[in-house]
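To start, the structure itself, in structure tokens.
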Amino acid sequence: MRRDPPGTFAAAVIRHVRRIPPGRVAAYGDIAALAGSPRAARGVGAVLNGLGPDQDVPWWRVVNRVGRLSIPADLGRRALQRRLLLDEGVAFRDRDAVDLEHHHWDGDA
DNA sequence: AAGGTGACTGGCG
DNA sequence: TCGCCAGCCACCT
């Protein structure tokens with residue numbers, strides 16, 4: 001799995017994703033900004049993609065800027081994310097887009 | 001160490 | 001918001 005030295009982008013991403021409360025979602029770009037690199041949204045995806053099974057990071061609470069699940073549909077990972085969010089009470093606008101208006105995490109506030 | 005890849009975005013029509 | 005596209009940037013060869 002992935003152990004990242006503190007101070008790295010990856011570590012910051014993990015740290016912030018852990019802060020997303022259940023029932024709320026954040027965009028890749030939001031996390032990138034919190035992590036200190038506002039334009040590194042894709043980097044956030046790369047980090048989450050490399051997460052180990054026991055990393056204990058709520059990766060499913062991260063969606064793209066319009067609320068759509070950005071995970072490739074294969075391997076059923078996508079369906080899993082959908083289910084996990086549903087279980088937390090996140091409402092969906094359609095098959096693979098959450099209702100951002102009501103569940104977007106303000107990054108605290 | 002250089003280049004390819006992609007769980008992204010914002011701009012434009 | 002939808003599609004398309006050109007930047008972007010961290011990851012992984």
Side-chain angles (χ1 to χ4, degrees):
Chain A
M1 79 184 99
R2 196 155 221 290
R3 241 84 50 90
D4 297 287
T8 64
F9 177 76
V13 167
I14 290 176
R15 183 149 38 78
H16 285 105
V17 172
R18 286 218 176 95
R19 292 165 24 86
I20 307 174
R24 315 307 292 299
V25 296
Y28 294 91
D30 297 338
I31 301 302
L34 289 172
S37 306
R39 326 269 188 67
R42 303 184 81 140
V44 173
V47 171
L48 296 186
N49 184 48
L51 285 176
D54 34 352
Q55 278 273 27
D56 186 44
V57 176
W59 56 267
W60 58 90
R61 308 213 259 249
V62 184
V63 301
N64 75 15
R65 94 188 129 127
V66 285
R68 271 220 280 296
L69 311 191
S70 271
I71 299 185
D74 57 304
L75 297 175
R77 295 264 267 146
R78 177 80 169 283
L80 172 60
Q81 176 172 27
R82 192 179 141 75
R83 198 180 63 243
L84 288 168
L85 288 172
L86 245 14
D87 287 349
E88 296 186 342
V90 175
F92 276 68
R93 292 200 305 125
D94 64 61
R95 195 73 177 66
D96 44 26
V98 305
D99 182 342
L100 274 186
E101 286 281 343
H102 299 128
H103 298 93
H104 188 285
W105 176 49
D106 37 37
D108 275 333

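Remember, predicted model here, so these are calculated numbers, not experimental data. Letters A, B, ... mirror the listed sequences (proteins, then strands); counts begin at 1.
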Given [N], is OP1 or OP2 found less than 4.0 Å from the side-chain N or O atoms of [X]?
{"X": "A/S37", "N": "C/dA10", "answer": "yes"}
{"X": "A/S70", "N": "B/dC8", "answer": "yes"}
{"X": "A/R42", "N": "B/dG4", "answer": "no"}

Measure from the side chain of [X], starting at C-beta and using heavy atoms only, and say which of [options] lies closest.
{"X": "A/A40", "options": "B/dA7, B/dC8, C/dC9", "result": "C/dC9"}
{"X": "A/R93", "options": "C/dT1, C/dA10, B/dC8", "result": "C/dT1"}
{"X": "A/R39", "options": "C/dC9, C/dC2, B/dA7", "result": "C/dC9"}
{"X": "A/V47", "options": "C/dC8, B/dA7, C/dC11", "result": "C/dC11"}
{"X": "A/V66", "options": "B/dT9, C/dT1, C/dA10", "result": "C/dT1"}

Heavy atoms under 4.0 Å, any strand shown: does [X] hit a base, just sugar-phosphate, or nothing?
{"X": "A/R78", "result": "nothing"}
{"X": "A/N64", "result": "sugar-phosphate"}
{"X": "A/Y28", "result": "base"}
{"X": "A/A10", "result": "sugar-phosphate"}

Expressed as a whole number of angstroms, how long is the span from [X]:[atom1] to [N]:[atom2]?
{"X": "A/I31", "N": "B/dT9", "atom1": "CD1", "atom2": "P", "result": "10 Å"}
{"X": "A/E101", "N": "C/dT1", "atom1": "CD", "atom2": "P", "result": "9 Å"}
{"X": "A/D99", "N": "C/dT1", "atom1": "CG", "atom2": "C1'", "result": "14 Å"}
{"X": "A/L100", "N": "C/dT1", "atom1": "CG", "atom2": "P", "result": "8 Å"}
{"X": "A/F9", "N": "B/dG6", "atom1": "CZ", "atom2": "C1'", "result": "14 Å"}
{"X": "A/R77", "N": "B/dG6", "atom1": "CZ", "atom2": "P", "result": "15 Å"}
{"X": "A/L48", "N": "C/dC11", "atom1": "CG", "atom2": "C1'", "result": "13 Å"}
{"X": "A/W59", "N": "B/dC8", "atom1": "CH2", "atom2": "C1'", "result": "17 Å"}

Drop me the distance from A/I31's CD1 to A/R15's CZ, to the nearest 0.5 angstrom.
11.0 Å

Value rounded to 0.5 Å, distance of CG in A/D99 from CG in A/L85
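Interatomic distance, A/D99 CG to A/L85 CG, rounded to 0.5 Å: 12.0 Å.
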
Would the distance check show the side chain of A/E88 and the main-chain N or O of A/P21 forming a donor-acceptor pair, the cut-off being under 3.5 Å?
no

Just by distance, do the side chain of A/R82 and the backbone of A/R95 share a donor-acceptor pair under 3.5 Å?
yes

Non-hydrogen side-chain atoms of [X] and [Y] separated by less than 4.5 Å:
{"X": "A/W60", "Y": "A/R83", "result": "no"}
{"X": "A/R19", "Y": "A/R24", "result": "no"}
{"X": "A/L80", "Y": "A/I71", "result": "no"}
{"X": "A/V90", "Y": "A/H103", "result": "yes"}

Counting distance alone, no hydrogens or angles: does the base of B/dG10 have a donor or acceptor under 3.5 Å from a partner atom on the side chain of A/R65?
yes

Output the pairing pattern of DNA chain C as a dot-bracket string, 5' first, Watson-Crick or G-U wobble with both distances under 3.5 Å, | for cross-strand pairs, [ ] for crossing pairs.
.||||||.|||||

